[in-house]
Amino acid sequence: MPPEAQATGDILSKGVEGSTLFLATASGEITRPPTTRERLSNRLFRGCTQTFAWLTVLLVILIVVRIGRVALPALHTYGVPFLINTTWDANRAQFGILPAIVGTLYSSILGLIIGTVFGLAIAVFLSEGFLALGLDTVIRTAGLDNSPFLAALPNRIEDLLKVTIELLAAIPSVVYGLWGIFVVIPMVRPMADWLHSHLGWIPLFGTNLSGPGLFPAAIVLAIMVLPTVSTISRDALAAVPPKMREAAFGIGATRWEAILAIFIPTAATGIFGAIILGFGRALGETMALAMLAGNANVISWSLFSPCNTLAALLANHFPEAGTAEVGALMYAALVLLGITLLVNIIGTVILDRAEAGLRGLR
Amino acid sequence: MRTSRKLTVGLLLFLICAGLAVLGARLGPRAASGVAFAQDGQMTLQGTGATFPAPLYQRWFSEYNKLHPDVQIDYQALGSGAGIKQFQQGLVNFGASDAAMTDAEMAAVKRGVVLLPMTAGSIVLTYNLPDVSGDLKLSRAAYTGIFLGKITKWDDPAIAKDNPGVKLPDTKITVVTRSDGSGTTFVFTSHLSAISEDWKKGPGAGKSVNFPVGVAGKGNPGVTALIKQTPGAIGYVEYGYAKQTGMPMAVLENKSGKFVKADLETGKNALASVQLPPNLRAWISDPAGPDAYPIVTYTWLLCYKKYDDPKIANTLKAVILYGLGPGQSSSVELGYIPLPDNVVSAVKKALSQIS
């Protein structure tokens, strides 16, 4: 018997003994066993939910198996050199994805660094009541501090900002791609040209920006991961126990000391999980990168050099690929799947740990 | 005890689902191959293929539908490769390809293949040099050098010597290519392979090749967008597309050493310089006429020789005849080159192979 059931049983028996409980009435018991129909529908419902849950697992397995099966011949033919070769030439059946792997990781990490800086700043702003602080001062100096509408204003604006940031995730990535081509690239070009001509000896600025390239791609990626990073980080910061907040201010910490030395470290695992999940998002991003990365099989330190990513490689080559190329593309897909799966598992594990770590404090 | 029962139930459900999924996978392709829906005298033909002639085909099909409301033709411009693949698998009633089909590809189709050139078009080099007005002339050595990555600056002597009086900037050349496999790339790289030994030994010809330099955009729109956004860029797109978007087009040197603009006349001259073989498949990699534009191609419809339903065959033939007749006049307007008369009659003759 599960412990809860046992406890209920105890109360019931005590109630009967003491005859003070209202469970039994003159007309008989108000509790009754479930009817057959109820029991059946209950079982059916449980069966359905279980089936659907299993179906998702099955779907993932089927995808991996399917890709694996098509990739298997290519896996045999090209083997490990596939991962370290740098040419992709379908006509000569030479396939190598090192530039794509490097480009995927480089653009994702760069985008993530930018996205994290802004995402974390947004999370702190939205969770630590900065908005209320500023607005309160304004409202009080205006002498309007007993209006209920204005009192609720900071919360409302906070909600609005939150929703707006989450809306960023709803913008189709092809729109991001177009925006990148027509807005971001012309915007960063003067800066990139200046950096290249004045600081060209630093490998990071070693080439000039020819249009699409790593840097514009990373900026757009940063905006795309922003909702993931800021929303989950905000939740992690909001989950810092009130006891801890009170204690921090109680021992005389200033707002900044409290945020930087206590709240962020406490929420650190959650924030780290957010970053990892954002990383997963960045790795799999396809359309915007296919439009912005330049799709050139180049490995370069330079931020302004064109690059290629695994997802873009797949999107670009799949529609016209012959049998041999399809196999190679599936192999590349398997590699991408492996990388994203690994990153997501790490992120989930870290998030779990974060929750487990905070449980004791509540 | 209970856990083991739960596990059994879970495992059972899993197996049932797996079974269903496998069954679904088995049934899937067969269910999808039921093309050409004919009901209540309505007929729907399905085709897939090249993006290059898509605007023209779609115009033809919608006009044909206006004349014959009982016939509906769906054309999906998924690319030449996809067109050939789906045509081979029998998923469509007809395919379309800029690279025709190779002998090996045709051998895989049991019902037999008829290749029908339907229209033709030029491929142009378009560029972004804001300060250069007037024509930019590129010799064969110049444009192969640019795409091979040997010529990297616009004021290179190889470009400057054919453009006296034009002040070329010392901007770096950014080559823009197609990132996706495409018939356009096939035609362009076949041309480069025909005129340059270095290109043939290097990147070679194909629907997607390993370009030595440059960045790549998806589709004609992607390439055009990148060129427009990048000063000093040069890339290849279809003539009709460049014309519609108002991009400048380079004047290219042809086989007889003359510099030729891309337009209707020079395109026609290029077609006239090639005699089509009986199977109607000829790639014009380097036309010889003195006023022929150098990069021109036919584009083909792929039809089966045998159709299960004679009604489908007859409808398809009627649609093709419409394209060869009244349809040819809309090709000029959309930037394509109308077929020469002898080709039109050859294609009409080839239609008799379809039944």
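Below, all heavy atoms of this structure are taken into account, side chains as well, without hydrogens, waters or symmetry copies. We name chains A, B, ... by the order of the sequence lines, and we start the count at 1 in each one.
Interface residue B/Lys85: only side-chain heavy atoms are found under 4.5 Å from chain A. Residue contact with chain B, scored on non-hydrogen atoms closer than 4.5 Å, involves the backbone of A/Ala315 exclusively. Both the backbone and the side chain of A/Phe182 come within contact range of chain B, each with at least one heavy atom under 4.5 Å from a heavy atom of that chain. Heavy-atom distances place the side chain of A/Asn208, and not its backbone, under 4.5 Å from chain B. Only the side chain of B/Thr174 comes within contact range of chain A, with at least one heavy atom under 4.5 Å from a heavy atom of that chain. At a 4.5 Å heavy-atom cutoff, B/Thr177 makes no contact with chain A through either its backbone or its side chain.
Around the NZ atom of B/Lys153, the shell of radius 6.0 Å holds more than 12 heavy atoms that belong to other residues, nucleotides or ligands.
A distance-only check finds a donor-acceptor pair linking the side chain of A/Asn295 to the backbone of B/Ala216 [under 3.5 Å]. The backbone N or O of B/Ala205 lies less than 3.5 Å from a partner atom in the side chain of A/Asn91, making a donor-acceptor pair.
In plain terms, the two heavy atoms of A/Met287 and B/Lys218 that are nearest each other are CE-CD, 4.3 Å. Taking both residues in full, the closest heavy atoms of B/Gly214 and A/Ala296 are given as O-CB, 3.3 Å, listed atom of the first, atom of the second, then distance. B/Gln229 and A/Pro186 make their closest contact through OE1-CG, 3.2 Å (heavy atoms, listed as atom of the first residue, atom of the second, distance).
Using a 4.5 Å cut-off on side-chain heavy atoms (C-beta onward), B/Ser179 and A/His317 make no contact.
Taking CZ of A/Arg92 as the start and CG of B/Asn210 as the end, the distance is 8.0 Å to the nearest 0.5 Å. The line from CE of A/Met291 to CG of B/Leu226 is 8.5 Å long, rounded to the nearest 0.5 Å.
The candidate from A/Asn297, A/Ile185, A/Asp89 with the greatest count of non-hydrogen atom pairs under 4.5 Å with chain B is A/Asp89.
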